[in-house]
Amino acid sequence: MKKRSAGSIIFLSIVLVVLYLPIVVVVVYSFNANTARIPLAFTGWSTHWYHELFFGRNQIGQALLLSLNVAFWSVLISSVIGTLGAIGMAQRTLNEKRKSSRMDTVMESLAVLPIMIPEIILGLAFLVLFNAAGFQGNELRLILAHTTFCIPYVFLTVKSQLVGMDTALFDAARDLGASPFRVLLDITLPLCRPAIISGAFLALAMSLDDFVISFFVYGAGQGTLPILIYSSVKVGVSPQINALCTLMIGLVFTLVAFGRYISSLRSVQRKYVSARS
């Protein structure tokens, strides 16, 4: 095994420190025993802020539930629309075995346009549109807005997966008498499942993280969790936010570790099957 040079180790260490030091600080301060409103000094270890997060009087729980509900519906709708759109765009090229026409390029550019427009402009556009259309429900406005900018992430991920597929799979299914709908269910969607899941997780992260568009779209009230956090910056971020962020970081690391574990199990299973055959 080739040893790493000292320079590469130092560079990698600096990158890791820059990336993860803020996260470590958030985790450490979530256990700060200082009970001041803005505890700048670390006075000891305590789970006081976790107790306040779950049992104290605060608006964090409501904001988190709203963010999760909006993200769930936005990801669900955008996954369906983005996947079907990617399949439709890709099959125009795969089935007809031709290069993309100018109209295909224009349609694909329009599909990914929401992630190319600055968020402040997109948020203002949604605000004007929803007010003109008379949409009064704040949650409905958020779901529609988040779905719009989540669709391109699923669309691009799934389409990149479809473009690299072997068209012989679809031709063989049709030769065996499968209808287009059966080809979609039995061939296309199973092959696209990893890309759909990846696009859905990316859309979930973007929805939970969004502040600018949500700030413009949401009406009166505390709003989503990012709005609540950004609003509290003026008077100092509550340590309960540190506790909540620590729990979310722990959840993300757990999901990533679980995903790696499942991938390793599948790799071992494939090696075992290939060895038996």
Side-chain angles (χ1 to χ4, degrees), residues 11-76 78-79 119 142 146 149-150 153-154 157 194 197-215 222-265:
F11 176 76
L12 181 61
S13 300
I14 293 175
V15 171
L16 292 176
V17 168
V18 172
L19 288 176
Y20 291 101
L21 182 60
I23 298 177
V24 173
V25 171
V26 169
V27 174
V28 170
Y29 268 79
S30 69
F31 293 97
N32 191 0
N34 192 341
T35 57
R37 175 63 181 85
I38 309 175
L40 299 179
F42 189 85
T43 60
W45 299 92
S46 173
T47 58
H48 169 76
W49 298 115
Y50 289 90
H51 183 272
E52 287 293 320
L53 176 64
F54 289 103
F55 303 104
R57 293 185 178 182
N58 56 68
Q59 299 175 329
I60 298 176
Q62 297 177 2
L64 177 62
L65 288 177
L66 176 61
S67 296
L68 292 175
N69 189 46
V70 170
F72 171 78
W73 289 109
S74 301
V75 170
L76 179 63
S78 62
S79 296
E119 283 192 340
L142 284 174
H146 284 212
F149 69 76
C150 284
Y153 295 102
V154 181
T157 307
I197 295 175
S198 300
F201 273 107
L202 183 58
L204 176 65
M206 299 305 298
S207 177
L208 291 175
D209 184 61
D210 179 73
F211 164 72
V212 177
I213 295 177
S214 300
F215 181 79
Q222 65 183 13
T224 60
L225 185 62
I227 295 178
L228 179 64
I229 294 175
Y230 276 91
S231 300
S232 65
V233 170
K234 297 179 181 179
V235 295
V237 178
S238 171
Q240 299 171 30
I241 299 296
N242 294 335
L244 177 62
C245 292
T246 301
L247 293 176
M248 296 179 69
I249 291 171
L251 177 62
V252 170
F253 274 95
T254 302
L255 291 176
V256 171
F258 181 74
R260 297 282 298 186
Y261 176 71
I262 295 299
S263 299
S264 64
L265 286 182

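Just so you know, these numbers come straight off a predicted model, no measurement behind them.
Judged by distance alone, with hydrogens and angles left aside, the side-chain atoms of Ser264 form a donor-acceptor pair with the main-chain N or O of Tyr261 at under 3.5 Å. Panel note: side chain Ser198, backbone Pro194; a donor-acceptor pair is recorded below 3.5 Å.
Among Val75, Leu68, Thr224, the one residue that satisfies the side chain to side chain contact (heavy atoms under 4.5 Å, CB included) test with Leu208 is Leu68.
Here OG of Ser74 is found 8.0 Å from CG of Leu142. Values are rounded to the nearest 0.5 Å. Here Leu247 contributes atom CG and Thr254 contributes atom OG1; the two are 10.5 Å apart, rounded to the nearest 0.5 Å. Taken from CD1 in Ile241 to OG1 in Thr246, the straight-line distance is 11.0 Å, to the nearest 0.5 Å.
Inter-residue side-chain proximity for Ser30 and Cys245 is flagged as unmet; no heavy-atom pair is nearer than 4.5 Å. A heavy-atom distance below 4.5 Å is found between the side chains of Val28 and Trp45. With a 4.5 Å cut-off on side-chain heavy atoms, Phe149 and Ile213 count as touching. Looking only at side-chain heavy atoms (C-beta outward), Leu66 and Val70 come within less than 4.5 Å of each other. For the pair Leu228 and Gln62, the minimum side-chain heavy-atom distance is 4.5 Å or more. You'll find the side chain of Leu225 reaches within 4.5 Å of the side chain of Leu244, heavy atoms only.
Partners of Leu16 by side-chain contact (heavy atoms from CB on, under 4.5 Å), not counting sequence neighbours, listed by chain and number: Leu12, Tyr20.
The number of heavy-atom neighbours closer than 6.0 Å to CZ of Phe31, taken from other residues, nucleotides and ligands shown, is above 12.
Note: Phe211 and Tyr230 have parallel aromatic rings, judged against thresholds of 30 and 60 degrees for the angle between ring planes.
Nearest heavy-atom pair across Ala71 and Leu204 is CB-CD1, 3.6 Å. Considering every non-hydrogen atom in both Tyr153 and Met206, the closest pair reads OH-CE, 3.4 Å. Residues Trp49 and Asn32 approach most closely at NE1-O, 3.0 Å, considering heavy atoms.
Ser214 and His146 are linked by a side-chain donor-acceptor pair at a separation below 3.5 angstrom, with hydrogens and angles left out of the test.
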